[in-house]
Amino acid sequence: MSHVIPYVAAIHEAIREEMDRDERVLYFGQNMATSPDDPFLQAFGPDRVRVTPISETAEIGMATGAAMAGYRPVVELYMAEFTLVAADQVVNEGSRFHFMSRGAVSVPMVMVAGYGFTCGWAGQHTGSLYGMFMGVPGLKVAMPSTPADAKGLMTTAIRDDNPVLYFHHYLLLLTEGEVPDGEHAVPFGVADVKREGSDLTIVATGHTVHTALAAAETLARRGVSVEVIDPRTIAPLDVDTILASVARTGHLVLVDQATRHASVAAVVAAEVAELGFSSLEAPISMVTALDSSIAYSQPVEDYVLPDEHKVVTAVEKTLGLAPVPA
Amino acid sequence: MSHVIPYVAAIHEAIREEMDRDERVLYFGQNMATSPDDPFLQAFGPDRVRVTPISETAEIGMATGAAMAGYRPVVELYMAEFTLVAADQVVNEGSRFHFMSRGAVSVPMVMVAGYGFTCGWAGQHTGSLYGMFMGVPGLKVAMPSTPADAKGLMTTAIRDDNPVLYFHHYLLLLTEGEVPDGEHAVPFGVADVKREGSDLTIVATGHTVHTALAAAETLARRGVSVEVIDPRTIAPLDVDTILASVARTGHLVLVDQATRHASVAAVVAAEVAELGFSSLEAPISMVTALDSSIAYSQPVEDYVLPDEHKVVTAVEKTLGLAPVPA
Amino acid sequence: MVVGETVDGGGRDALGPERLVWMYTQMYRIRQFEERVKSTFTEHPGTIRGHTHLADGAEASIVGCIATLAPGDQVLSSYRCHGYPIALGSDTKLMMAEIYGKATGLCGGLGGSMHLYDPARGFLGGSGIVGQHLPHAAGAAWAAQIRRRGEVVVCFFGDGASKQGAFHESLNIASLWKLPVVYVMENNRYNASTRSDQEDANAAAGEPLSTKATAYSMEGTTVDGGDPVAVHATMVEALARARAGEGPTLVESLVYRLSAHGNLIAPPGVPLHYPEHEAIAIFGNRAEYESALRGDPVPRFRHRLVTDGVLGASDADALEAAAREEIDESQRFALDSRLPEPDSGLAYVYA
Amino acid sequence: MVVGETVDGGGRDALGPERLVWMYTQMYRIRQFEERVKSTFTEHPGTIRGHTHLADGAEASIVGCIATLAPGDQVLSSYRCHGYPIALGSDTKLMMAEIYGKATGLCGGLGGSMHLYDPARGFLGGSGIVGQHLPHAAGAAWAAQIRRRGEVVVCFFGDGASKQGAFHESLNIASLWKLPVVYVMENNRYNASTRSDQEDANAAAGEPLSTKATAYSMEGTTVDGGDPVAVHATMVEALARARAGEGPTLVESLVYRLSAHGNLIAPPGVPLHYPEHEAIAIFGNRAEYESALRGDPVPRFRHRLVTDGVLGASDADALEAAAREEIDESQRFALDSRLPEPDSGLAYVYA
Ligand SMILES: Cc1ncc(C[n+]2csc(CCOP(=O)(O)OP(=O)(O)O)c2C)c(N)n1
Ligand SMILES: Cc1ncc(C[n+]2csc(CCOP(=O)(O)OP(=O)(O)O)c2C)c(N)n1
Ligand SMILES: [Mg+2]
Ligand SMILES: [Mg+2]
């Protein structure tokens, strides 16, 4: 059985259920639980649910410290960029401690942040920064594209014994979808085939999964069968599922909201160029954001972002199809 | 004519010459110029040369502000990791301002940091983090591998009208090399072919350029001709020179001190998998650090890093050669 | 064009009747502008995107500060940045066009509400990441110190921003280096929907936030930000200290924002608008909000000028009408302007 | 094993003769350990890699603090982290082996000198990035607050670290939330080769660095870190306040490090060693250094205990000899141990 809820509600459902299940789970961050009738505060009390000042370094660092001392904190950071003022705490503290202590300490914590709010938030709030964090040993990175994955990946993130960066997508917050009833945990490092197909593989993350699915639908009407894979976690990255798909389709298009050289697309392309080279019948094609900050004004914002048309064009080119006139 | 100096002296030579040439150039950072007989302080005085507290956010931010107000600051940051406590200032402030202001302001500044100090500095000081910064629009990233490039890239960095992250390599500091006399500027976005070859192309950066050259030398003795390319700046990245080389050799090995998914190697592999696919006669091979923090103890440190043997093995595999018994 | 060349604060002049009327005019213009931005959400839905933050309630503080500036001085602020450039003389047509995302905007539609720039008038921009512009101000002040022309940098930020590490690092260096900078904390008692006493140890202990200056062996003072003359007097002292090389000041200016933190945050499709102020929406404290409304600094200052005989009621009406007309015109200009070319950003990624 | 279960500070006991001798013993052990680390550079070149930082000169402060702790309490520190675990009861054999990069080391050679961990004894580790462990301490203190067992976290850091934003953010929250944490700033007057007055606005103004506590409406105090009894008394008060839920304290402990900041920094091939102290090497101020040497807290405390009749001279000699033997043995253990297996790190990347 399942229920239909928005992506944002799915995130909260997982946090709430894990807090119910395990009293070591803490939840805190800015501009939350400021009024006594906040539902989390009411359910779990001020020991476990707290509002913080605008102090990301302290917030993430405190999650690290509380984790070392036996708790399982979830720190709400809002926009992905806000992690940048505390990037050392994200990549160079908690993620190293288990290693440096040869396992004497561990740091189970979840950092929740949203990204890619491309609807007029302009240069400093719209970034797709996940690529920066995907190659950090000791750190895991989840990027759900559906309400079900949003819930299931959060559940797993909270139960994981390592620091996890959980990136939700701002444009997906209100998207509704089915979420399985009861306990729902999506394993890390297991990609999901969001649509099966035989002619070409698309790998996409977050919001661009939907762009890819739309393109696949359009192409299906022309008889082109596209498989769409969502890695769901980019660290660990499920390369095997991608390789297996490319082994069947022989063609790969990557879609990514990040700029080309900051993208998951580039990393996937590299893996396939090394491990799946013999399967490839055509060049890999990357549909990413253009190398630009994101502008405030809509036409300029749109111009640099991947969209369905760009994906369709890339698929046509990769398969050597004649473009359909617009 | 040229002179032979260590890499670190080449960096300072460039800063000194640019400060001589242009009085808007400032130089500051931690633990420098603390005593009155510091040579920079003596040459340029306390207006332009200053020691700062351990405040990277303020240091980089002040460079940004001074740049917007008409100066050309060079901020000395020591280890690359120290930029992490101020990553917002590196990637989300100065690098956006020219864009967001539609050119009304510009931010000519150089952030100098060293990386990859893999000689017992352990988990938090040995990182190869450059990959994090290579896909940030508005930001340029230089990574010299020789004293000549160290000088020439610093000269160009100071003259550039954008924020530049200048990453020197800690293990190269005392390496001596020829540096052209007089003004010496190395253009950004122009890769250097450090060794010509016809059988296979290696792209490497920083310290691994020397690993690649050593491997090329070893392989040359076996009649294998390897071309070694150093991009010198990873943003902008000179993809054309790499593609041209691969078009001749048909084979590509990438060497990188970073972990696989944080590497320049992955980005280069992706570019070639898209733009140079038809030239490739074999899978691209990446020789990177293993997915681990860097340990303190030497055998564990060595184990995860790329070395000559790993590069030779990758070349052999790529060319389908029988390995030579060790 | 030298940065700050045309700053128009008139700061070297005494605060005679003419300057007082100038101040009221700027306050009124800012308010008109802000109200027009706000009403755009209902009157022209979809025109403004993303997040806007209004200065309504802070006009007295803004103008009291800017009125102390002189050519060559510079200003930096957070994302709540509409008021400063207006007082500095920026063209409200270009500003409104920017907020409407038009090609004719101050930044060609690339910046938007949070990122206005007008360096010729000394406005070095609004940064969207809390606290991160405080070091920029220190850097600009270092430049001013080296130039030795007696120029000063004024940096506006919120009470919430003083909990960011960048605040601490910047104020220490500013004091240590005796930089010509004045840090103006606009304490509006809220960081979005968090009350100061929920996030600030000084506020929780009932102490003013200017106490923080002690940690930097720096001058710190708290002023009624609803009174432009009091703000002006405080700033005159702070600027004199800065210009004389005696170092920075932390000025805590007590204000109250009269709108919510910003417009609703939502993905495309959901109509954006300004919700009720957090005092009401979150804390159910209507009394606090209404008392702030009664203290609204704009009518309060008009009343004072009229009562003191500095400004005749009909002159006040006339200048208000002129301001309204200006903003009408700005809005018309913004509405009529075209959107930028899709590829117009690419030319500005690198200088 | 619960974190901090076996903390051995004996903090609930009064400071009678036995405890005083215990304190001196720990001070002497730490000093012996540090001297042995230092002499390794000349006697066994190449054995120690990377960067080490010694606590010599700070032993009185370290032991005065640790002696106030009780089981369940926790300690965090910077990279200058050899002294705390020794006082907390960690095995010096395992510590020396770690610094020598051996498989038998406290962290199997994965951590090294800057990153010792012994959570069973309450030592949560040394972080190498300046200031970044201050929030970890606040987080651990939040955990202690929730556990409600009266446990306290003590966080050691340097004077230089107080210029990092993390200091500011952590102290504000610690005070606001009344966290059971004591922040002990070991003010050794230098950040590497920078004097405090060159980088700290309080120091430049001639004010104590504990002044910074004011910014957080927090208790702040300065103590002679060369006197373990004075440090102990200050800490007893601070811990009582913390355990009672009355909030954190900033303790500025005035010390002087007797070695250079750390060993020489150089690429492989260049022999590492300890250069002269920066007072001499950079500032040519031999007098300052020699006066600090004369005040060396280890002989100073011995002299006091002997003079006060708390410790007989021959008992002192005996405990010192025992400590030397312990460290001889630790060094032998470390030298004789093997290096770790090359792939031994991979098992610890993820928990
Ligand atoms: C580093 C960072 N963290 C969080 C935010 C989200 N945010 C934007 S404005 C704001 C409130 C700031 O409050 P204050 O400094 O008092 O300024 P005000 O908005 O009241 O003028 C917050 C938390 C941000 N922009 N940057
Ligand atoms: C964020 C950061 N910046 C710079 C450094 C380099 N660094 C290591 S120790 C040190 C000096 C610290 O001084 P202080 O805090 O007084 O501690 P002390 O070494 O004197 O005990 C510096 C600058 C660092 N490790 N981290
Ligand atoms: Mg506020
Ligand atoms: Mg110190």
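Below, chains carry the letters A, B, ... as their sequence lines are ordered, and counting in each starts from 1.
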Between CH2 on residue C:W177 and CD on residue D:E199, distance to nearest 0.5 Å: 11.5 Å
Under 3.5 Å: donor-acceptor pair, side chain of D:N172, backbone of C:D200: no
Part of C:Q198 within contact of chain D (heavy atom distance under 4.5 Å): backbone
D:S170 versus chain C, the contacting section by heavy-atom distance below 4.5 Å: neither
Point-to-point distance, once rounded to the nearest 0.5 Å, from OH of C:Y216 to OG1 of D:T211: 12.0 Å
NE2-CD distance between C:H168 and D:E169, expressed to the nearest 0.5 angstrom: 9.5 Å
Most chain C-contacting option - heavy-atom pairs closer than 4.5 Å, from D:A166, D:S162, D:G247, D:G165: D:G165
Shortest non-hydrogen separation from C:D197 to D:L176 and the atoms involved: O-CD1, 3.8 Å
